[in-house]
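Heads up: the structure comes next, in C-alpha cells.
Being a predicted model, the structure only gives us computed values, none of them experimental.
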Amino acid sequence: MNIPNDRKYANTDEWVKVDGEIATIGVSDYAQEQLSDIVFVEVSVGVGDTVSKNDIAGTIESVKAAADINFPVSGEVV
C-alpha cells in the first residue's frame, strides 16, 4: 500500500494535497484495495462550483461495491 507523506488523509479515506492555492483530492490506496476493481467514477460537481468539507464530490463504483467520495476540504472547483 502506498501512503505518501505529502498529503492529509480524512477518516473517510479521501486525501488532499495542497500546492500553493490549489488542492488536489483523491481516494486512498486502502479504499481502492477494499473496493477491488474500479469500473466507474462519477464526478458530481463542475468547474466554478463552491463546495464545503464533507460535501459529496462523486461516486466510485467497483465490482464489489459503490461508495461516495467526499470533499476533505472546502473551496472552489478549478
Side-chain angles (χ1 to χ4, degrees):
M1 184 175 351
N2 186 19
I3 305 173
N5 62 4
D6 63 346
R7 296 150 203 217
K8 302 289 184 186
Y9 293 85
N11 292 336
T12 53
D13 293 315
E14 293 85 14
W15 55 259
V16 61
K17 178 181 177 185
V18 179
D19 184 20
E21 293 186 9
I22 303 294
T24 303
I25 68 167
V27 178
S28 71
D29 274 2
Y30 173 78
Q32 292 176 50
E33 286 178 10
Q34 295 303 304
L35 286 166
S36 187
D37 295 329
I38 296 171
V39 296
F40 184 74
V41 176
E42 179 180 28
V43 178
S44 59
V45 296
V47 174
D49 288 347
T50 300
V51 298
S52 297
K53 182 178 178 180
N54 296 324
D55 281 356
I56 295 175
T59 305
I60 188 168
E61 295 181 21
S62 75
V63 295
K64 292 171 84 175
D68 287 335
I69 304 168
N70 300 308
F71 282 103
V73 292
S74 298
E76 180 182 342
V77 177
V78 296

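- Side-chain heavy atoms closer than 4.5 Å link hydrophobic residues (I, L, V, M, F, W, Y) into clusters, and following such links, possibly through other members, connects Val51 to Ile25.
- Atom OH of Tyr9 has more than 12 heavy atoms from other residues, nucleotides or ligands within 6.0 Å.
- Counting all heavy atoms, side chain and backbone alike, Val18 lies closest to Gly20 at CG1-O, 3.5 Å.
- A salt bridge (charged side-chain N to carboxylate O under 4.0 Å, His left out) check over residues 32-42, counting only residues at least two apart or in different chains, returns nothing.
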Show every donor-acceptor pair shorter than 3.5 Å between a side-chain atom in residues 64-78 and any protein atom, with sequence neighbours excluded, or say none if there are none.
from, atom 1, to, atom 2, distance (Å)
Lys64, NZ, Gln34, O, 3.3
Ser74, OG, Lys53, N, 2.8

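- The shortest distance between side-chain heavy atoms of Gln32 and Ile38 falls below 4.5 Å.
- With contacts defined as side-chain heavy-atom distances shorter than 4.5 Å, the pair Val41/Thr59 does not qualify.
- Note: the hydrophobic cluster containing Val16 also contains Val43 (ILVMFWY, side chain heavy atoms under 4.5 Å, direct or indirect links).
- When hydrophobic residues (I, L, V, M, F, W, Y) are linked wherever their side-chain heavy atoms come within less than 4.5 Å, the members clustered with Val63 are Val39, Phe40.
- Identified under the side-chain hydrogen bond (donor to acceptor under 3.5 Å, both in side chains) test for residues 13-29, with sequence neighbours left out: Asp6-Lys17, Thr12-Glu14.
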